[in-house]
Amino acid sequence: MPALEKNHIYRSTIEGYSSEGLGVARIDGQVVFVHDAVRGEDCDILVMKVLKNVAFGKPVLRHSTSPHRQEPDCPYYGRCDFRHLDYAEELWAKRQRVQDALTRLGGSDVTVEEILGAAQPLRYRNKSQYPVSADGRVGFYRARSHQVVEVEHCLLQKPQADALAAALRQYLAQYHVPGYDETTGRGLVRHLYVRTNCKGESLVCLLVNGESLPYETELVALLRQAAPQTVGVVLGVNTRPGNAILGDRYRTLWGEDALTDVLCGRTVRLSVPSFYQVNHPQAEVLYGKALEFAGLTGTELAVDLYCGAGTITQVLARQARHVIGGEIVPEAIRDARASARRNGVENVEFLEGDAADVAAELALRQLRPDVICVDPPRKGLAPEVIASIAAMAPRRVVYVSCDPGTLGRDVKRFAEMGYLARRAVAVDLFPRTRHVETVVLMSRSSG
């Protein structure tokens, strides 16, 4: 097979998409990832980089143009993956990505039944995290770097978040407050964190490399003026090196230290560290599908690992006899317990600790869950967690995943433990980006 040559032009047709949202072509038997390409387009492709197993290129001439191509509607196009595709094609790409992960990585023959798209693919994010550069830029990281690109208006963020970011820029400039420099560990303001609920109220947190900020009263005034429905401003202390966002302790500068929202008919209390899905309408779709896969009849004991603020836990509680939620973040556990009390949900309890801790507690109490639901972070489940779940021998495992790659890996590990994937559905919680959620139902191979 002849090797591709850098800076040479080859003609090929785009066959599909990579996990990063790049077009995929095959030239002389070699896979080429192509920027700004749409499935079905016949292109002249300039090869820009050749590696051992793949190459990268860009189209320099399109002999045919896909009807799914659209003009990017964002001036910062390049950071978001799918702005050159229409939404139908984006959904096709995401469903195919999940199917490929379950088949190739997971070794499963389960079919992704459908992908549930969003009615509103813009301004959906209820949580925004803006990094701050040493010279006072507030925006987002350039792709594959930690260089901050100042972004005044993002089509994925709530208007309140954009307005609060502008207020922070004004504060940094007016009072000469330094942003944080990752390379030296100097500077103060690291991130602006904004969480917004369905009523348009916002909770604001400044993550800082220190215990306080100069002119805190003036900062609060600027933020409240920018977003009058702000309910609280919190300072989070993060003096650790590296790029972690959240702090290890918090101090309220003004107002409340938490935000409330309503999800699936339940009121939820959300402090800064608590996990909460960033797309409210689609989270309700996602949790509805998880509840369907759980197959509860009212007699079961269910366990919700990585329960965050207890959202899935309370949804499961509607149809289970009893639900135990497990979460390692103490603030999230406090939020979950407070939400359950406020909602009058009495058939739930929450345990603070990781999955292994919860498994040990259940064994000590001689409890055998009928259903276990997991919603882990992007890195997926550790092998010992999968082993702990299998040891508890639930009839069903419902896996909610935000990363098809780690989902495929874990589906294979579950299969080795005797649990096979039976159903799978993708849900688009992150329109106009490459990310996608999946719900998979697994049960024992003998069941």
Side-chain angles (χ1 to χ4, degrees), residues 20 74-81 83 123-196 202-214 216 219 222-223 226-227 230 233-251 253 271-276 278 377-379 402 430 432-435:
E20 301 293 321
C74 175
Y76 308 101
Y77 169 64
R79 173 175 176 79
C80 296
D81 307 277
R83 304 218 77 95
R123 297 288 187 186
Y124 59 84
R125 285 193 64 93
N126 58 40
K127 183 179 76 172
S128 303
Q129 297 176 139
Y130 297 86
V132 180
S133 69
D135 59 0
R137 281 171 288 149
V138 181
F140 299 105
Y141 291 130
R142 188 181 300 278
R144 293 172 291 279
S145 80
H146 272 208
Q147 178 187 354
V148 177
V149 177
E150 188 156 286
V151 175
E152 294 185 4
H153 301 289
C154 174
L155 293 174
L156 305 187
Q157 317 301 324
K158 299 289 186 183
Q160 297 93 323
D162 279 340
L164 289 161
L168 178 60
R169 290 188 198 100
Q170 180 182 343
Y171 162 79
L172 295 172
Q174 184 172 341
Y175 296 103
H176 306 288
V177 179
Y180 180 69
D181 187 336
E182 272 188 33
T183 59
T184 65
R186 297 175 181 172
L188 266 180
V189 184
R190 300 177 69 138
H191 277 85
L192 168 68
Y193 171 114
V194 181
R195 177 170 267 162
T196 304
S202 297
L203 176 67
V204 183
C205 180
L206 285 307
L207 284 308
V208 302
N209 180 39
E211 301 288 336
S212 63
L213 284 171
E216 289 179 350
L219 171 60
L222 285 170
L223 295 171
T230 296
V233 179
V234 176
L235 184 140
V237 177
N238 179 5
T239 56
R240 295 166 294 176
N243 56 18
I245 295 176
L246 295 182
D248 50 21
R249 58 190 184 279
Y250 298 89
R251 174 168 60 89
L253 302 183
S271 57
V272 172
S274 291
F275 172 77
Y276 191 60
V278 301
R378 206 169 299 282
K379 65 183 179 180
C402 60
F430 313 99
R432 319 316 281 158
T433 78
R434 64 184 174 88
H435 302 295

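Values below: every heavy atom of this structure, side chains too, minus hydrogens, waters and symmetry copies.
Of all heavy-atom pairs spanning Pro214 and Tyr171, the tightest one is O-OH, 2.6 Å. The two residues Gly139 and Pro131 come nearest to each other via the heavy atoms O-CD, 2.9 Å. The two residues Ala226 and Ala167 come nearest to each other via the heavy atoms CB-CB, 3.7 Å. When all heavy atoms of Gly236 and Cys205 are compared, the pair lying nearest together is N-SG, 3.8 Å. The shortest heavy-atom contact between Ser202 and Gln160 is OG-CB, 3.7 Å. The minimum heavy-atom distance linking Arg169 with Val138 is given by the pair NH2-O, 2.7 Å.
Here the side chains of Val148 and Phe140 are not in contact, with every heavy-atom distance at 4.5 Å or above. Within the 4.5 Å cutoff, the side chain of Tyr193 has heavy atoms near those of the Lys127 side chain. With contacts defined as side-chain heavy-atom distances shorter than 4.5 Å, the pair Val278/Phe430 qualifies. Residues Leu206 and Leu192 meet the side-chain proximity criterion, which asks for heavy atoms closer than 4.5 Å. Annotation: side chain of Tyr250 is not in contact with side chain of Ser271 (no heavy-atom distance under 4.5 Å). Gln157 is not listed as a side-chain neighbour of Val151, based on a closest heavy-atom distance of 4.5 Å or more.
With rounding to the nearest 0.5 angstrom, the CZ atom of Arg125 is 10.5 Å from the CZ atom of Arg195. Here CZ of Arg186 is found 13.0 Å from CG of Leu188. Values are rounded to the nearest 0.5 Å. The CG atom of Leu219 sits 9.0 Å away from atom OH of Tyr175, with the distance rounded to the nearest 0.5 Å. Within the model, atoms OG1 of Thr230 and CG of Leu164 stand 5.0 Å from one another, a figure rounded to the nearest 0.5 Å. Remark: Ile245 CD1 to Arg190 CZ distance equals 9.5 Å, nearest 0.5 Å. Separation of atoms CG (Leu168) and CG (Leu223) is listed at 7.0 Å; rounding is to 0.5 Å.
Note: His146 and Tyr141 have parallel aromatic rings, judged against thresholds of 30 and 60 degrees for the angle between ring planes.
The main-chain N or O of Glu211 is found under 3.5 Å from a side-chain atom of Arg251 such that the two form a donor-acceptor pair. Between the side chain of Asn238 and the main chain of Ala244, a donor-acceptor pair closer than 3.5 Å is present. A donor-acceptor distance shorter than 3.5 angstrom exists from the side chain of Arg123 to the backbone of Cys154, with no hydrogens or angles considered. The closest donor-acceptor contact from the side chain of Asn209 to the backbone of Gly185 lies under 3.5 Å. No donor-acceptor pair under 3.5 Å is formed between the side chain of Arg137 and the backbone N or O of Gln147.
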Would you check, one step at a time, whether the test side-chain contact (heavy atoms from CB on, under 4.5 Å) holds for Leu155 with Arg432? CA-CA 9 Å; Leu155 293 174; Arg432 319 316 281 158; over 6 Å; no
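Between the side chains of Asn243 and Tyr180, not a single donor N or O lies within less than 3.5 Å of an accepting N or O.
By the neighbour-count criterion of 12 heavy atoms within 6.0 Å, atom CD of Glu152 is sparsely surrounded, having that number or fewer from other residues, nucleotides or ligands.
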